[in-house]
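Structure first, commentary second.
Just so we're on the same page: letters track the sequence lines, and every chain starts at 1. Just so it is clear, the values below take in all heavy atoms, side chains as well, and ignore hydrogens, waters and symmetry mates.
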Amino acid sequence: MMREMTGAEMVMQALIDQGVEHIFGYPGGAVLPIYDAMFHQNQVRHVLVRHEQGAVHMAEGYARSSGKVGVVLVTSGPGATNAVTGLTDALLDSIPVVCITGQVPTHLIGSDAFQECDTVGITRPCTKHNYLVRDINDLARVLHEAFYVAQNGRPGPVVVDIPKDVQFARGTYVGPENIQHKTYQPRLNGDPEKIRTAVELLAKARRPVLYTGGGVINSGPEASRLLREFARLTGFPVTSTLMGLGAYPAADKQWLGMLGMHGTYEANMTMHDCDVMLCIGARFDDRITGRLDAFSPDSKKIHIDIDPSSINKNVKVDVPIIGDVKHVLSDMLTLWRATKAEPDRQALASWWGQIDRWRARKSLSFQNSDAVIKPQHAIQRLYHAVKDKDVYITTEVGQHQMWAAQHFRFEEPNRWMTSGGLGTMGYGLPAAIGVQVAHPESLVIDIAGEASIQMCLQELSTALQFNLPVKIFVLNNEYMGMVRQWQDLLHGGRYSHSYSESLPDFVKLAEAYGAVGLRCHRPGDLDAAIQEMISIDRPVLFDCLVDQKENCLPMIPSGKPHNEMILPDHPEALDEAIDEEGKMLV
Amino acid sequence: MSAHPEAAERHTLSMLVDNEPGVLARIVGLFSGRGYNIDSLTVSEVSHDSKLSRITVVTTGAPGIIEQIKSQLDRLVPVHRVVDLTVAGKSVERELALIKVRGKGEIRQEALLIADSFRARTVDTTLESFVFEITGKPDKIDQFVSLLAPLGLVEVSRTGVAAIGRGPDGM
């Protein structure tokens, strides 16, 4: 389709042609022409945010829960700089986002004009790619290319910066059909030789493990299905990173729980003692590996990743397979069946026997109480109340996030939205709003802490405006709990500025926004209060007052290997767990 | 990783990139952001029709880091190809330098003699100065500069390394 139109009209036309139904944005001087073009159409619905950081997190939640690209529209200068945290978050967690930013007119660029900033300069290191469009005749192509780049290969955020004069200029619009990217052609199919080697290694494994990550989610629901099929066929144990939760069902007997710093004992011990590790769409992040030179010392490692730069970045692997998870898993399954591969059932049975002994340590256990609500108990009760519903969970960042990952159980992909790589406090509420926009009939809950929730709380106003009945479940311990936990660990319990002083009355605050506020502090009232929360068809802020001093266990102290985990039955070990070298780590 | 330090190696990487605004910043930013070294950098358009530039980077790092640098560069959207000339086979490396010396009498004579033995050209002369132009491998230029240092060396301008593989094939 070729026709004449203005740059602003091209933006709207490109969004429509890309199948975009919702965008998250905030107007300003340098994007007014685009907002005007938006005024003249009904196909793309705009969600007005309260802060541009919120817009990007909403787009992330929208994208991760729906598999579509999240779209953001913000103005120049502060609009763009406010989006930077969200863009970085999307980059680290590989979330497809297209962020359109207004820019001062081309003749003013470089003059320190009002609300001017070097948007492409600032966002270069925090985007997968970015563009400054100076010529109206490049605009349509660049917009379509932005969508292509955002969602192909390892997904990520893409910024398109459009000067105001380009938005007013007239030019020729081209549709997405004819856009073929000349250089960016990520490889989807793995090298057949490598796949063959991998299958042979796995078939001979005596102590195998499948270590899965966010790449399985990004590859789409088919990848999760193939993962389940592969696990069933082989009988191998499965663990996952924080980002990969839900790709494999938590109810399955082969599920070990999450691995890593706050993962389960059985998952980490299985990783440490395995002889063949199949890493599927994960990146050997420092939260996962613990001490690198003691990470899974006796295993052969196979690594499936669409991003070649993830291979051998932190951990040297034996069989790298560059490709998309669903393509590679599908080929592995075919080959497994064709070669009639059969794992050593006896070795596997004894491996499972060992794993069951690790499981018996019950590393997620905690001392419950009748007097005060334990945060883990709160998550468990929430889970029991909503598990049979169509539910999506987002989180902020901190202890509550880890407790949610440990005690909420996910059976399906795309149901769990959390800030893993960047660890962005303030992510959860806007992400929940984005999820609710994509799934208006579903129950969407942001599991939060009282500190994190205050970082993007203004978006409650967005939820009210657009009738998005998100639920905010605040585990309120009056501390930045993870900061306090690390101060316990490393700094002699000197709680320097980690107490949440001068907290607002969250119930009144919710009411001030027009939402519903609930509070609960007695364990006996918890179930009824949760029922009340989910029965209300409006945004609810649930202030759940929990034990103030609970620490998040189990834990691999920084600088320690997987087999030196601190378990809840010996929490006192935390006091001396970290040596001088470990203190330097994060 | 620090328990097994690998010896640093010097590698010359050549890449073809889209000649678009910001592409150099993207590459330089990748090096600085991830803590990689740039020993030398040259960039220029090589094909006006296809708007391609060639960038040559000389970098130093352990083998694992060099691999990382290559794959990080390769995944940048405007990068078409990355070739590690140090491992891809034999290659030619050249650098051009302009070097100014100032002096009179014997020192001046000595500078001219050395320039002659290095086959440097004199591209500017005054009664008390010369500017020499020299082309060669970086270590040849290093040596030339160090010999001129006691002979009134004023300043040096070097282009950085341009490199190309030997034999009939392109990158």
Can B:T125 and B:T122 be counted as having a side-chain donor-acceptor contact under 3.5 angstrom?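 On atom types as modelled, these side chains do not qualify, holding no pair under 3.5 Å.
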Does the side chain of B:T60 pick up a donor-acceptor pair with the side chain of B:N37 at under 3.5 Å?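 No donor-acceptor contact under 3.5 Å links the two side chains.
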At a 4.5 Å cut-off on heavy atoms, which part of [X] comes close to chain B: side chain, backbone, both, or neither?
| X | result |
| --- | --- |
| A:V120 | neither |
| A:R154 | side chain |
| A:P308 | both |

Decide, yes or no, whether a salt bridge links B:K137 with B:E93 under the criterion of side-chain N to carboxylate O below 4.0 Å.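 Salt bridge: no.
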Hey, are B:D39 and B:R10 close enough for a salt bridge, meaning a charged N less than 4.0 Å from a carboxylate O?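 Looking at B:D39 and B:R10, the cut-off is not met.
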With a 4.5 angstrom heavy-atom cut-off, which part of B:E67 approaches chain A: side chain, backbone, both or neither?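 For B:E67, there is no contact with chain A at all, as no heavy atom is under 4.5 Å.
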Of the backbone (N, CA, C, O) and the side chain (C-beta and beyond), which part of B:D74 lies under 4.5 Å from a heavy atom of chain A, both, or neither?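 For B:D74, neither part sits under 4.5 Å from chain A.
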Quick check against the 3.5 Å criterion: does A:D89 have a side-chain atom that pairs as donor or acceptor with the backbone of A:L422?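 Judged by distance alone, no pair lies under 3.5 Å.
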Picking from A:D307, A:L132, A:I311, which has the most non-hydrogen pairs under 4.5 angstrom with chain B?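 Of the candidates given, the most pairs with chain B belong to A:D307.
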